[in-house]
Amino acid sequence: MPSNAEAAEIFRGIADLLDVMGERFKPEAYRRAARSIDSLTEDLASVAARGELRSIPGVGDAIEEKLREYLASGGIGYFERLQKEVPAGVAEMLQVPGLGPKTARRFWVELGIEGPAELLIALDAGRLVGVKGFGERKLAQIRAALDAHRTAAPGARLPIEEAYPIAQAIVRGLRERAGAERVEVAGSFRRGRETVGDLDILVTSDDPVRAFDVFSSLPEVSEVLLRGGTKETARLRNGLQVDVRVVEPASFGAALVYFTGSKDHNVQIRSLAKDRGLRVNEYGVLRGEERVAGRSEEEVYAALGLAWIPPELREARGEVEAASRGPLPGLVAESDLRGDLHVHLSPEAGPAALDRLVRTAQDRGYSYLGVVVQGMDTDGTPYALSEPTLERLRTVSTASLRVFSVHEVDLAAERGAPPPEVPVADWYVVRPSVRAPVPPPSAPFLRPVVLVAHRGTGGSSKGEALLSWTAFARAAGASVEVGPGAERLDSTGARQAREAGLSLAVPTGVGEPAESPTGPVALRFARRAGARPAEVRNAERRPPFSGAWTGDRG
DNA sequence: GCCGTTTTCGGCCCGACTGTTTTCAGTCG
């Protein structure tokens, strides 16, 4: 079955093959189309059905034609012809760090080396000694890269929730020990992408050497790959690559824009600058040799006639045009969140744990809190809070913070039918399926406040899973939970939910340890989906109370 | 191969870093 991801993958394959064939501009054209297709929130087939393939950035006559062929037949003849011309291993050599199209082509054409394995054999046999352009160091570098290529899974991206604590630790280390004034993680991490391929960290410091020394000595860092005057690249113990760049304060905003990306967003910005007789690079916005902006992001965007664009929207999906017309609608921010609709305590939690949760919620200024009194842990095992904890729950609300009881309903356990006895709770969280996909009920049998859209529910992706539940959620008036993990919507799913008119529930992580990534990552996903405060249920001032009240009334 | 509120042809981001170099090519992001 055709998929957007597969189409993008084929185009990237075409780009690699064209690269080693020595084509100049076509490879980038195919990659650009692949990136556009990846960032679509809709199936290619639907776009094609409306006849709008050409409206996808980077898709022109030739690529539209190939997309139609792919949708009709599942393959692209052009790709297959290219694959016959270039041995598969030659393109694979591009995956080895440090080997690019020029080198791979030279190995193939001049030396008859047709892949990484043959390259290693040639190295061992000394066939590359004395070849022009390959000195001793270069050969050692290639060998090391080949070894790493064989052992490590290449191109593996890390889920952002796993990268989060690592990034926090590095930022903390640089702030506390390197005398760095400003430290910011840029790149896809800052844009809130679901996965990150590496970390780009920008610091301002009078003493780059000290910053690099501190960074290199952090326990997370495994080996330094390169160090220059302004940049150091290292590999962490978990394999993640991290770039640290030292920039001067007058350039910090420009560097932040530049290294936050996305690539396509930067291309649009630069082209806009060109139209206005300006130039943008990581040092600033320049008119001739004069720097007219660079200290802050706001300044950089303003110099280009644009309103500031939140990092989560910088994906070349129309945000630049929108920002040229005026300020963008405000995305939901941490300060908008008034409470949490779906908080788990551990099954063993006593009244004291509930008190701690309540204090944290008060510290954050929350107005309401929905605590699961009967539900499922992450494995889908049912649990209920103890009687003393329930007792405490009934009396713990204060004038400023109301605490509600929440019951989780697992539809799979009931084979999609209404549970025979739903315990009385203030509101309900519906989990379509913990274990097996079930179709949504034709009509809501109760009034859930939150729908947890499991990835495995009724489709291969979260988006598909959600779509089958959209009608149910709308009829029930339920919000859909966004955030990290298989049991929540990612930003693409959340965008689809928004576009279908559903509101979002954004977990705050209030019931989790302080360093938990759940809250910050969920908020990024919601923002990435374009959610404004009015589209987030727990940004509403009033609690979404909808059932029989068992709280502090009487 | 794509793209155009000065272009339907002639451009296509650009700077850091490395290695092999005597002034530059390749890779990367």
Side-chain angles (χ1 to χ4, degrees), chain A residues 11 14-15 17-36 53-67 76 78 82 93-107 128 130-142 144-145 155 186-189 196-202 208 212 224-233 241-247 251 254-255 257-286 305 316 321 324:
Chain A
F11 284 159
I14 291 175
L17 292 169
L18 291 172
D19 245 342
V20 291
M21 293 175 71
E23 285 282 353
R24 291 268 279 133
F25 297 104
K26 289 187 191 182
E28 202 40 45
Y30 279 101
R31 288 198 182 95
R32 171 143 190 262
R35 286 196 301 272
S36 284
L53 286 174
R54 282 293 301 270
S55 71
I56 299 170
V59 175
D61 284 336
I63 290 185
E64 177 188 22
E65 182 77 15
K66 291 178 179 70
L67 279 173
I76 295 179
Y78 179 58
L82 289 174
M93 284 197 281
L94 298 180
Q95 304 308 314
V96 179
L99 293 189
K102 299 276 172 34
T103 314
R105 182 177 174 81
R106 277 195 67 194
F107 285 157
L128 270 66
V131 175
K132 189 165 184 291
F134 294 92
E136 200 178 324
R137 293 166 69 101
K138 186 78 189 169
L139 293 183
Q141 189 190 66
I142 291 174
S188 53
F189 182 91
V196 299
D198 61 10
L199 291 177
D200 286 303
I201 301 180
L202 300 183
F212 292 152
V224 174
L225 301 177
L226 62 89
R227 180 191 286 198
T230 61
K231 170 188 166 175
E232 172 161 297
T233 300
Q241 187 169 307
V242 182
D243 293 339
V244 175
R245 292 184 163 81
V246 176
V247 302
S251 295
V257 170
Y258 187 86
F259 290 109
T260 297
S262 66
K263 193 181 172 107
D264 291 327
H265 176 86
N266 287 353
V267 167
Q268 285 197 4
I269 283 184
R270 279 192 294 265
S271 130
L272 193 72
K274 203 170 168 181
D275 294 345
R276 292 163 184 254
L278 300 167
R279 198 157 50 91
V280 188
N281 58 27
E282 60 263 56
Y283 300 109
V285 181
L286 305 154
E321 294 86 339
S324 71

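Sequence lines set the chain letters: A, B, ... in the order given, protein chains first and strands last, and positions in each chain run from 1.
Smallest separation of non-hydrogen atoms from A:Leu139 and A:Phe134: CD2-CB, 3.9 Å. The shortest non-hydrogen separation linking A:Arg32 to A:Pro57 is NH2-CB, 3.9 Å. Scanning all heavy atoms of the two residues, the minimum distance from A:Phe11 to A:Ala34 falls at CB-CB, 4.0 Å. Among all heavy-atom pairs drawn from A:Ala29 and A:Ile63, the shortest one is O-CD1, 4.2 Å.
Distance check on atom P: B:dG15 versus B:dG10 gives 26 Å, rounded to whole Å. Rounded to a whole angstrom, the distance from the P atom of B:dG1 to that of B:dT6 is 28 Å. Rounded to a whole angstrom, the distance from the P atom of B:dC13 to that of B:dT18 is 25 Å. A gap of 42 Å separates the C1' atoms of B:dT23 and B:dT5, to the nearest Å. Separation of the P atoms belonging to B:dC14 and B:dT8 is 22 Å when rounded to the nearest angstrom. Taking atom C1' in both B:dG26 and B:dT21, one finds a spacing of 12 Å when rounded to whole Å. The separation of B:dC2 from B:dT7, taken at their C1' atoms, amounts to 14 Å, rounded to a whole angstrom. Taking atom C1' in both B:dG11 and B:dA16, the straight-line distance is 25 Å, to the nearest Å.
Here the side chain of A:Arg32 is nearest to one of B:dC2, B:dC17, B:dG1, namely B:dC2. When the nucleotides B:dG1, B:dC2, B:dG15 are ranked by their closest atom to the side chain of A:Tyr78, B:dG1 comes out on top. Nearest nucleotide to the A:Leu226 side chain, out of B:dC17, B:dT27, B:dT20: B:dC17. Closest to the side chain of A:Lys231, out of B:dA16, B:dG15, B:dC12, is B:dA16. The A:Tyr283 side chain lies nearest to B:dG15 when the options are B:dG29, B:dG15, B:dT27. Between B:dG1, B:dG19, B:dG15, one nucleotide has an atom nearer to the side chain of A:Arg279 than all others, and that is B:dG15.
Heavy atoms of A:Glu23 sit nowhere under 4.0 angstrom from any nucleic acid atom. Among the heavy atoms of the strands, none lies under 4.0 Å from A:Val280. Residue A:Phe259 is out of contact with every strand shown, counting any heavy-atom pair closer than 4.0 Å. Contacts of A:Pro27 with the nucleic acid, taken as non-hydrogen atoms under 4.0 Å apart, are absent. Using a 4.0 Å heavy-atom distance criterion, A:Lys26 is classed as a base contact. Counting any heavy atom pair closer than 4.0 Å across all strands shown, A:Asn266 reaches no nucleic acid atom. Note on A:Arg137: only backbone sugar-phosphate atoms sit closer than 4.0 angstrom, heavy atoms only; bases stay farther off. A:Thr230 comes within contact range of the sugar-phosphate backbone alone, with a heavy-atom separation under 4.0 Å but no base atom that close. Note on A:Arg24: nothing from the nucleic acid sits closer than 4.0 angstrom, heavy atoms only. Nucleic acid contact class of A:Gly261 (heavy atoms, under 4.0 Å, all strands): none. Looking at heavy-atom distances under 4.0 Å, A:Glu136 makes contact with sugar-phosphate atoms alone, never a base. Among the heavy atoms of the strands lying under 4.0 Å from A:Glu282 are primed sugar atoms or P, OP1, OP2 only; no base atom is included.
Distance, A:Leu286 CG to B:dC13 P: 17 Å, rounded to whole Å. For the pair A:Lys102 NZ and B:dG19 C1', the interatomic distance rounds to 16 Å; values are reported in whole Å. To the nearest angstrom, P of B:dG29 lies 7 Å from CG of A:Asp198.
Side-chain atoms of A:Arg245 never come within 3.5 Å of backbone atoms of A:Leu202 as a donor-acceptor pair (strictly under, hydrogens ignored).
Within the structure, a side-chain polar atom (N or O) of A:Gln241 is placed less than 4.0 Å from OP1 or OP2 of B:dG29. Side-chain nitrogen and oxygen atoms of A:Thr103 include at least one within less than 4.0 Å of the OP1 or OP2 phosphate oxygen of B:dT27. Regarding contacts with the backbone of B:dC14, every side-chain N or O of A:Asn281 stays at 4.0 angstrom or more from both OP1 and OP2. Considering only side-chain N and O atoms, A:Gln141 lies under 4.0 angstrom from the phosphate OP1 or OP2 of B:dG19.
For a distance-only test at 3.5 Å, the side chain of A:Tyr258 qualifies as a donor-acceptor partner of the base of B:dG29.
Residue order along DNA chain B, read from the 5' end via each residue's closest nucleotide, puts A:Lys263 first among A:Lys263 and A:Glu232.
The ring of A:Phe25 does not lie on top of the base of B:dC2; it is either too far (5.5 Å or more) or too tilted (30° or more).
The partner of B:dT8 cannot be assigned: no Watson-Crick or G-U wobble pair with both contacts below 3.5 Å exists in any strand.
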